[in-house]
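Contents: one structure, followed by commentary.
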There are 2 protein chains.
Amino acid sequence: MVNKKLEKNKKIKSGDNSDVYHHGNLREELLDIALEVLIEKGVSDISLREVAKRAGVSHGAPYRHFKDKNILLGSLARRGFNQLATELSNVISDYPGDPQKQLVEAGVVYVRLAIASPELTQLMFGGRIDGDCWDSIEEDVGENAFQSLLNIVINGLNADIYKNEDSMSIALACWTSMHGLAMLYSAGQLDISSDHFDPDSLSRMISDMLLYGLLK
Amino acid sequence: MVNKKLEKNKKIKSGDNSDVYHHGNLREELLDIALEVLIEKGVSDISLREVAKRAGVSHGAPYRHFKDKNILLGSLARRGFNQLATELSNVISDYPGDPQKQLVEAGVVYVRLAIASPELTQLMFGGRIDGDCWDSIEEDVGENAFQSLLNIVINGLNADIYKNEDSMSIALACWTSMHGLAMLYSAGQLDISSDHFDPDSLSRMISDMLLYGLLK
DNA sequence: ACCTGAACACCGTTCAAGT
DNA sequence: ACCTGAACACCGTTCAAGT
């Protein structure tokens, strides 16, 4: 009578089942530990074996939960995209009715994430994750973050603040500016401790330049 | 009578000497092959052993020419920075007396390099090269590329085209825009084949937005 | 259903030994 | 001065075998 095939390919989401052999929910624990190792060792030095060792399981165990290393890293990147999407949509509600402020603060949030989690940022945007994995990520959450940006731009278009009328072009211009700044910070190519390069004020300054233009 | 110690630590640059044991100039050959492997396999999958094998030497041989893998990759990145610096300074002489055009076309060149050599771009800006190595690179050539951009901005300041008077701020705003676009392309996060995202016109469009401003 | 541990084919790096 | 090849400590991935 009960159809058990309804949720094929999906893990049970309720946290009540503690009868799962050894580790409760090894999958989530592996992801937590992987994030630790990522922060410690960096994207190119994180190893599945190290993650397994810290979780107290054999090096083969992670393969029951992730097809390979790329899938695990992809899941980690997805977390980052989710966080980014959440924070961007929060910016919209933080400054209702002020699309210009929304745009500037979205940039600040984007750059802050890159500085708070440089290794995660490099993982998300470093181009190291296989195509197979990317597709499933972008559909879910990568698009969500960009959609938040688009919404901010559309808010501005509705308020009639922009010269240009193409939301995509405006969004791309804003994205590339802040993305460049984020990538330079997360790669260590811009010195945070320098006076000239304070993250918050620099991102606001660049946003302002983009909004008002460089030329006389 | 003849002083043979004059060129310590430097390979002879003339191509006439074929009496150097096995390989003439293994150092340069290793770099050439490393670039091939980098393009083929990507930054995270290039291996020193593979490079050595293709060069026809043992896997220990590269260590006579490079302290470790990072130093070899750093030398590769340096090549990229040299190329970028050269092309950027060419842009200045290509459009003498037109600082606005110089700025826009510098962006085009920057983005073109990222599309022509995405793996090299990811190596140069992916934050994967150790600090020790970076320092020696940046002094030489990384600064050169940024200096070319600064020169372009200073040309504009002399021509009195900018609102802002701080060359560093203007240069940073331009750099981050084009850097963001370059990184998105080289990481495969922007689709080259899409109509909306033609590289040359997109970089020019974004530069124009930055120059003239988004707001009414 | 989930985990272990041996096995395989790779790594980067070092170092005595060769020429 | 430059290269070899064994050795070491690591990888990712697979798979029979255990519970």
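Reminder, nothing fancy here: chain letters follow the sequence lines and each chain counts from 1. Because the structure is predicted, anything quoted here is derived from the model rather than measured.
The side-chain hydrogen bond (donor to acceptor under 3.5 Å, both in side chains) search around B:Ser194 returns none, not counting sequence neighbours. Every residue meeting the side-chain contact (heavy atoms from CB on, under 4.5 Å) condition with B:Phe66, not counting sequence neighbours, appears here in chain and number order: B:Arg27, B:Leu30, B:Leu31, B:Ile71, B:Leu72, B:Ser75. Take B:Thr86 and apply the side-chain contact (heavy atoms from CB on, under 4.5 Å) test, not counting sequence neighbours, and it matches B:Asn90. Listed by chain and number, the residues in a side-chain contact (heavy atoms from CB on, under 4.5 Å) with A:Ser203 are A:Val108, A:Val111, A:Met178, A:Leu181 (sequence neighbours excluded).
In the model, B:Ser148 has no side-chain atom that pairs as donor or acceptor with a side-chain atom of B:Asn151 under 3.5 Å.
For the pair A:Arg64 CZ and D:dG18 C1', the computed distance is 13 Å after rounding to whole Å. Rounded to an integer number of Å, the gap from B:His65 NE2 to D:dA1 P is 13 Å. Whole-Å rounding puts the A:Arg27 CZ to C:dC3 P distance at 13 Å.
Atoms SG and CD1, on B:Cys174 and B:Ile206 in that order, are 12.0 Å from each other to the nearest 0.5 Å. One distance of note links CE of A:Met205 with CG of B:Asn164; it measures 7.0 Å at 0.5 Å rounding.
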Checklist outcome for this item: Output field dot_bracket for DNA chain C (Watson-Crick or G-U, both distances under 3.5 Å, | for other-strand pairs) contains ||.|||||...|||||.||
Checklist entry - Which letters describe nucleotides 8-14 of chain D, given B = protein heavy atom under 4.0 Å from base, S = only from sugar-phosphate, - = neither? => result ---BBBB
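Side-chain atoms of B:Glu119 do not come within 3.5 Å of backbone N or O of B:Gly42 as any donor-acceptor pair.
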